[in-house]
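Below, read A as the first sequence line, B as the second, and so on, with proteins coming before strands; counting in each chain starts at 1.
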Amino acid sequence: MKLYNSLTRNKEKFSPAEKTVTMYTCGPTVYHYAHVGNLRTYIMEDILEKYLIYLGYDLKRAMNITDVGHLTSDGDSGDDKMLLGAKREKKTVLEIAEFYTQAFFGDFEKLNIKKPDIVIPATSRINDYIDIISSLIQKGYAYESGGNVYFDTSKLSKYFVFSRHLAENLEVGVREDVGRDQNKKSPNDFVLWFTKSKFDSQELKWPSPWGTGYPGWHIECSAISIKELGPKLNIHCGGVDNAFPHHTNEIAQSEAFLGGHWCDFWFHVRHLKDETGKMSKSKGGALTLSTLVEKGYSPMVYRFFCLMSHYRKVLSFTFPALDNAKAAYEKLLSRILPLIEDKTDSAIDKEAFKFHKAAFVSALGNDLNTSLAVTSIYDVLKSGATGATKLCLIADFDKVLSLDLIKNAVSYGESQKLIESGAEISANGAEDELKILIEKRTAAKKAKDFAAADKIRDKIREMGYAVEDTADGVRLKKL
RNA sequence: GGCACCAUAGCCAAGUGGUAAGGCAGAGGUCUGCAAAACCUUCAUUCCCCAGUCCGAGUCUGGGUGGUGCCUCCA
């Protein structure tokens, strides 16, 4: 497959030497619910992972859970986000972490995102961080200053890997509202270990050769990745905003520690934005999956919405756009349903199967072109292939897309269950009343009293159902 | 101020030098007491603008314009 690599700014052929592909994902800082923008990134990473598995690779994927060390600023200032969350909710840091980690993976389940095989809370690997930091100091890549340990970026021949910044220009380019940490030799340097007394109120502290304290944000990903996935990493994923400083710093540490090239591909997912710009957890009030569900959008509708766009494009989130995706998704299900209900035996047309599968594989093979991959479902539906072939192809594509196409087509069919004469209405408190109304309406129609029939239809609509006449009887559709 | 990315219909979007896919929405039709559903038809002489290269440009080059992101909180 071809995959865009942020490191080279090019689409490159992804052809790992080994059959086992290693993939690392920056997990969430669990101080609050994930919002739909965060989730977009994980959905797209899920497609990457499942596509690689679909192609026959074995995948080994690890993710961290940041439950310590993520400050609101990266210098010797700022507060720990976890601590802030704990204060806000009057709970301990560990309780907060536990709660939001659960919520995070709950969203994964709802969105059919595969949970990585290896999930490591940052607090569980403190000794590894200390080992790496000690080694970095020994090799001359890190120094102690003002009680903290910093990474010395001046020791690197190239620090800014994702942009064309020149280190000496940075002073010019630096944002004005950012405070300077006077302990740093260079503004580019970043903290590996904090021991400053300002964190005395911190619940989580660990002893280290440099004093009691806790790790900086960037070290956890390097340490977990190297330990779990080895010194060579195939793909590192994350949101674009992490390219700098987080990923840049990860590369600096990891390569200084390993003494050579570390990760081949950097997969960065662009942001979801709303009317106000980028969605951001720290801005607060961001939209969560549960909110969408409360508003009547199933998680699959959101997943479909994301797949219709491309991961390297900024996607604008608006409710009309989501309605669009909902209509498209439901219409798609309604076109799949007859294929499932069709009980006539038909053989699988192997040629047609191969042809459509090839189109699907090549769509995703071109830098994960998910909207083209979705189009290939429509091409299958429109084709002259047998029902069995179509169904088989859709099930096959859904191994990667994970839109629950078959399962939801069935429940979609049930949700607008046919109510033939005498058939029961499925469990619902109002069923008797509904049944009587439908019978009355049918009688009115028979008597050609259409005004009365329409009145009853309006009444049923008020109860939350649309009545539709079909050749066989009446169809009730939940609104 | 520096760096990067993006610009195709109302919206999402394909397109990788050969004459604008697909989806949703919209319009018209068939069917229906009317609706709904389903099906059929339709929907960009043009791809932000201006120059250039080429037989040929949405695609390549240069210059604009607009949007977005990053420049120590973010997926």
Taking the [atom1] atom of each, how far is [N] from [M], in whole Å?
| N | M | atom1 | result |
| --- | --- | --- | --- |
| B/rG17 | B/rC31 | P | 49 Å |
| B/rG52 | B/rG15 | C1' | 23 Å |
| B/rG22 | B/rC39 | P | 16 Å |
| B/rU8 | B/rC3 | P | 25 Å |
| B/rA14 | B/rA37 | P | 29 Å |
| B/rG10 | B/rA25 | C1' | 8 Å |
| B/rA20 | B/rU59 | C1' | 12 Å |
| B/rC43 | B/rG33 | C1' | 32 Å |

Residue whose closest nucleotide on RNA chain B lies nearer the 5' end, A/K2 versus A/T41: A/K2
Name the residue closer to the 5' end of RNA chain B, choosing between A/F450 and A/F304 according to the nucleotide with the nearest heavy atom. A/F304
Would one find more than 12 heavy atoms of other residues, nucleotides or ligands at under 6.0 Å from atom [atom1] of [X]?
| X | atom1 | value |
| --- | --- | --- |
| A/K357 | NZ | yes |
| A/F105 | CZ | yes |
| A/E89 | CD | yes |

For the side chain of [X], starting at C-beta, report the closest nucleotide among [options].
| X | options | value |
| --- | --- | --- |
| A/L315 | B/rA75, B/rA35, B/rC12 | B/rC12 |
| A/K382 | B/rC34, B/rU16, B/rG22 | B/rG22 |
| A/A328 | B/rG33, B/rC24, B/rA14 | B/rC24 |
| A/F244 | B/rG15, B/rC70, B/rU16 | B/rC70 |
| A/R270 | B/rU16, B/rA75, B/rC5 | B/rC5 |
| A/S334 | B/rC24, B/rA14, B/rA38 | B/rA38 |
| A/Y378 | B/rC12, B/rA75, B/rG23 | B/rG23 |
| A/T375 | B/rG22, B/rA75, B/rC34 | B/rG22 |
| A/R9 | B/rG33, B/rU16, B/rC5 | B/rC5 |
| A/L272 | B/rC34, B/rC12, B/rA75 | B/rA75 |

Sole candidate of A/Y42, A/Y33, A/Y31 that passes ring-ring contact (aromatic ring centres under 6.0 Å, His included) when paired with A/F104: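 Among the candidates, only A/Y42 passes.
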Nucleotide paired to [N] in any strand shown, Watson-Crick or G-U, under 3.5 Å:
| N | result |
| --- | --- |
| B/rA21 | none |
| B/rG58 | none |
| B/rC5 | B/rG67 |
| B/rU30 | B/rA38 |
| B/rA44 | none |

Are [X] and [Y], when compared by the centres of their aromatic rings, separated by less than 6.0 Å?
| X | Y | answer |
| --- | --- | --- |
| A/F14 | A/F265 | yes |
| A/F190 | A/F151 | yes |
| A/H247 | A/H268 | yes |

From [atom1] of [X] over to [atom2] of [N], roughly how many Å is that when rounded to an integer?
| X | N | atom1 | atom2 | value |
| --- | --- | --- | --- | --- |
| A/L322 | B/rC24 | CG | C1' | 12 Å |
| A/L333 | B/rG23 | CG | P | 16 Å |
| A/D379 | B/rA13 | CG | P | 18 Å |
| A/Y297 | B/rC24 | OH | P | 17 Å |
| A/N38 | B/rC73 | CG | C1' | 13 Å |
| A/E330 | B/rA25 | CD | P | 11 Å |
| A/E250 | B/rA75 | CD | P | 13 Å |
| A/L339 | B/rA38 | CG | P | 15 Å |

Quick check with a 6.0 Å cut-off and a 45 degree axis cone: is [X] positioned over the face of [Y]'s six-membered ring?
| X | Y | result |
| --- | --- | --- |
| A/R312 | A/Y4 | yes |
| A/K455 | A/F450 | no |
| A/K185 | A/Y143 | yes |

Side-chain N or O of [X] less than 4.0 angstrom from OP1 or OP2 on [N]?
| X | N | result |
| --- | --- | --- |
| A/N369 | B/rG15 | yes |
| A/K11 | B/rU16 | no |
| A/S309 | B/rA13 | yes |
| A/K445 | B/rC34 | no |

Listing time: all N or O pairs from protein to nucleotides 66-69 of chain B that are below 3.5 Å?
unit_1: B/rG69; atom_1: OP1; unit_2: A/K278; atom_2: N; d: 3.2

Here's a test for you: under side-chain hydrogen bond (donor to acceptor under 3.5 Å, both in side chains), which of A/N369, A/T370, A/D367 qualifies with A/Y311? A/D367
With sequence neighbours excluded, give me every side chain to side chain donor-acceptor pair (under 3.5 Å) pair touching residues 318-328 of chain A. A/Y297-A/D323
Reckon [X] touches a base, only the sugar-phosphate, or nothing at all at heavy-atom distances under 4.0 Å?
| X | value |
| --- | --- |
| A/H35 | base |
| A/G37 | base |
| A/R457 | base |
| A/V467 | base |

Between A/F162 and A/W266, what is the ring plane arrangement, given parallel below 30°, perpendicular above 60°, and tilted in between? perpendicular
Does the B/rG33 base have a donor-acceptor partner in the side chain of A/D454 within less than 3.5 Å? yes
Which atoms form the tightest heavy-atom contact between A/L333 and A/L405, and what is the distance? CD2-O, 3.5 Å
Are there any protein N/O atoms within less than 3.5 Å of an N/O atom in nucleotides 7-11 of chain B, and if so, which ones and at what distance?
unit_1: B/rC11; atom_1: O2; unit_2: A/N324; atom_2: OD1; d: 3.2

